[in-house]
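The structure under discussion appears below in the form of structure tokens.
These numbers come from a predicted model, not from an experiment. Residue numbers start from 1 in every chain, and the chains themselves are labelled A, B, ... in the order their sequence lines are given, proteins ahead of strands.
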There are 2 protein chains.
Amino acid sequence: MSSHVEENYLKAIYKLTERNKDGAYTNDIAYELNIKPATVTEAIKKLGEKGLIHYEKYKAVTLTELGKQIAIKTIRKHRLWEVFLVEKLGFKWDEIHPMAEELEHIGFEELTERLAQFLGNPEFDPHGDPIPDRDGNFAKTKSIKLTGVSLNGTAVMTGIENHTTSFLQHLDKIGIKLGISITVKEIVDFDKSMLISVNGEKEVYLSQEIASNILCK
Amino acid sequence: MSSHVEENYLKAIYKLTERNKDGAYTNDIAYELNIKPATVTEAIKKLGEKGLIHYEKYKAVTLTELGKQIAIKTIRKHRLWEVFLVEKLGFKWDEIHPMAEELEHIGFEELTERLAQFLGNPEFDPHGDPIPDRDGNFAKTKSIKLTGVSLNGTAVMTGIENHTTSFLQHLDKIGIKLGISITVKEIVDFDKSMLISVNGEKEVYLSQEIASNILCK
DNA sequence: TTTAATTTTTAGGTTTGCCTAAAAATATTT
DNA sequence: AAATATTTTTAGGCAAACCTAAAAATTAAA
Ligand SMILES: [Mn+2]
Ligand SMILES: [Mn+2]
Ligand SMILES: [Mn+2]
Ligand SMILES: [Mn+2]
């Protein structure tokens with residue numbers, strides 16, 4: 001299996017296992033990678049033989065230590081390139097994912113480490129997601145959803161739970177980005193939407209759906 | 001055919017056609033890409049059907065206008081990434097080729113153009129090779145081999161004809177790099193090796209083999 | 001605890017990009 | 001102009017990564 005394809009499977013399994021401790025299910029992996037379940041069954045059997053995942057028929061799969069390391073290294077590369085694209089090339093946070101999705105498969109350890117150094121060893125990517133260090137350790141980040149901030153409370157935006165282009169672009173449009181200070185001015189009883197003030201300046205209403213995808217500390 | 005593979009064929013054909021105006025021969029393409037001639041025959045048939053090359057059985061192939069454009073774009077990407085690796089990440093000129101060989105296949109026009117801008121729209125890569133501009137035009141460079149510089153003549157080093165790691169490393173070791181001023185102090189009658197002075201400072205003997213792979217103007 | 005629904009796997013195909021061995025065409029020597 | 005050597009193509013195979021359709025296993029609902 002080409003390392004490109006392999007890395008995509010491992011990354012998908014990693015992501016799904018974060019959400020569901022049992023492991024990743026065939027159907028979910030297929031959905032994540034936009035392929036058919038039958039294809040996934042084939043692939044995970046091989047990944048199992050290679051010692052990258054724990055595979056048992058009809059069970060959810062989990063990563064072995066080795067598989068996890070590869071997944072994390074791929075995530076490291078992805079997020080470092082995202083920082084490069086935004087900080088050095090001036091792309092916006094909603095434009096970078098497809099490019100990073102390809103750059104993450106360039107596999108030269110030395111390149112990754114020099115890139116990290118060039119970028120100042122960043123700990124977070126442009127979406128606020130932590131960048132694992134060279135040993136695979138993530139910076140500890142215990143964030144809460146904006147919906148968890150109480151009335152008149154203030155919090156700093158540190159991340160997002162949804163990475164779709166439309167969500168990112170919308171946040172841009174209403175002036176919400178990483179690092180801003182958010183104060184909850186009002187929580188509408190009817191629909192739980194909230195009025196917030198951004199950096200003590202402009203105020204804007206957010207639906208509960210939006211607020212629940214904004215992470216703060 | 002995946003664009004990755006396709007670009008490699010077109011680049012190889014471009015390179016061979018530069019050397020031999022007739023076009024590229026099956027065997028030579030195979031050698032260039034480290035694959036077998038039978039595989040090449042298959043591939044060039046398909047590239048012909050796609051309108052990327054002119055293919056006729058038993059004849060050398062040449063690029064169509066479209067094929068040439070793709071080849072040149074790939075070369076542009078390759079050389080821009082090489083500049084990035086050397087100028088920004090501090091790699092040496094003998095370390096970058098394998099990485100550029102992968103980076104060149106990342107296919108986002110906007111990425112390429114922003115990278116070029118970030119690097120200051122360089123006209124030459126770290127090996128002295130010209131970087132085509134976004135329209136595919138190469139900077140005019142009529143260089144001569146160091147062996148063509150006459151006794152007591154002086155020239156500036158602008159490029160190399162051989163890109164092997166061992167050649168690059170050797171030049172490094174004896175202090176020969178792009179931009180230096182070379183004066184021919186002596187041409188040994190016996191073997192045509194030459195004694196040169198580098199920037200009017202240290203002197204060193206070069207075999208004819210080495211001298212013939214150094215380009216100057 | 002059957003029955004029904006969902007999920008996963010198996011079986012059988014396709015395309016791509018590579019291979020080896022052998023045949024055919026072309027080029028080079030005698 | 002033959003004979004020989006070289007190059008290119010054809011023929012037949014293989015593994016990877018995908019697919020659809022159908023069977024089998026598991027899970028959820030009656
Ligand atoms: Mn991303
Ligand atoms: Mn990200
Ligand atoms: Mn190169
Ligand atoms: Mn180069």
Between C:dT7 (P) and A:Glu56 (CD): distance, integer Å: 20 Å

B:Lys46 vs C:dT15: side-chain N/O to OP1/OP2 distance below 4.0 Å: no

Using atom CD1 of A:Ile35 as one end and atom P of C:dT8 as the other, report the distance to the nearest whole Å. 13 Å

Closest to side chain of B:Tyr58, choosing from D:dT9, D:dA25, D:dC18: D:dT9

Counting just side-chain N and O atoms, does B:Tyr9 come under 4.0 Å of either OP1 or OP2 of C:dC18? yes

Cation-pi between B:Lys88 and B:Phe118: NZ/CZ under 6.0 Å from ring centre and within 45° of the ring axis? yes

Length of the CG-P vector between A:Asn8 and D:dC18, whole Å: 9 Å

Need one value for B:Ala43: base, sugar-phosphate or nothing, where a base atom within 4.0 Å counts as base even if backbone is also close, heavy atoms only. nothing

Touch class at under 4.0 angstrom, heavy-atom based, for B:Thr39 against every strand present: base

Would you mind reading off the distance between B:Asn27 atom CG and D:dA5 atom P, rounded to a whole angstrom? 17 Å

Looking at every strand, decide which applies to A:Thr41 at a 4.0 Å heavy-atom threshold: base, sugar-phosphate, or nothing. base

Is there a donor-acceptor contact under 3.5 Å linking the side chains of A:His163 and A:Asp129? yes

Is the NZ or CZ atom of B:Lys59 both under 6.0 Å from the centre of the six-membered ring of B:Tyr25 and within 45° of that ring's axis? no

Output the rounded distance in Å from CD1 (B:Ile29) to P (C:dC18). 13 Å

Tell me whether the side-chain N/O atoms of B:Lys36 come closer than 4.0 Å to OP1 or OP2 in C:dA21. no

So, A:His97 and A:His127: side-chain donor and acceptor under 3.5 Å apart, yes or no? no

On DNA chain D, more 5' by nearest nucleotide between B:Ala60 and A:Lys57 is B:Ala60

Could you tell me the separation between the CE atom of B:Met1 and the C1' atom of C:dT15, rounded to a whole number of Å? 12 Å

With a 4.0 Å cut-off on N to O distance, would you call B:Glu6 and B:Lys50 a salt bridge? yes

I want to confirm an ordering. Mapping A:Lys59 and A:Glu42 to their closest nucleotides on DNA chain C, which one lands closer to the 5' end? A:Lys59

Within less than 4.0 Å of OP1 or OP2 of D:dT9, is there a side-chain N or O belonging to B:Tyr55? yes

Please determine, for the side chain of A:Pro37, which listed nucleotide (C:dC18, C:dT9, D:dT9) has the closest atom? C:dT9

Distance, rounded to the nearest Å, where B:Asn34 contributes CG and C:dC19 contributes C1': 14 Å

A:Ser2 vs D:dA16: side-chain N/O to OP1/OP2 distance below 4.0 Å: no

What's the CG-C1' distance between A:Asp22 and D:dT26, to the nearest Å? 15 Å

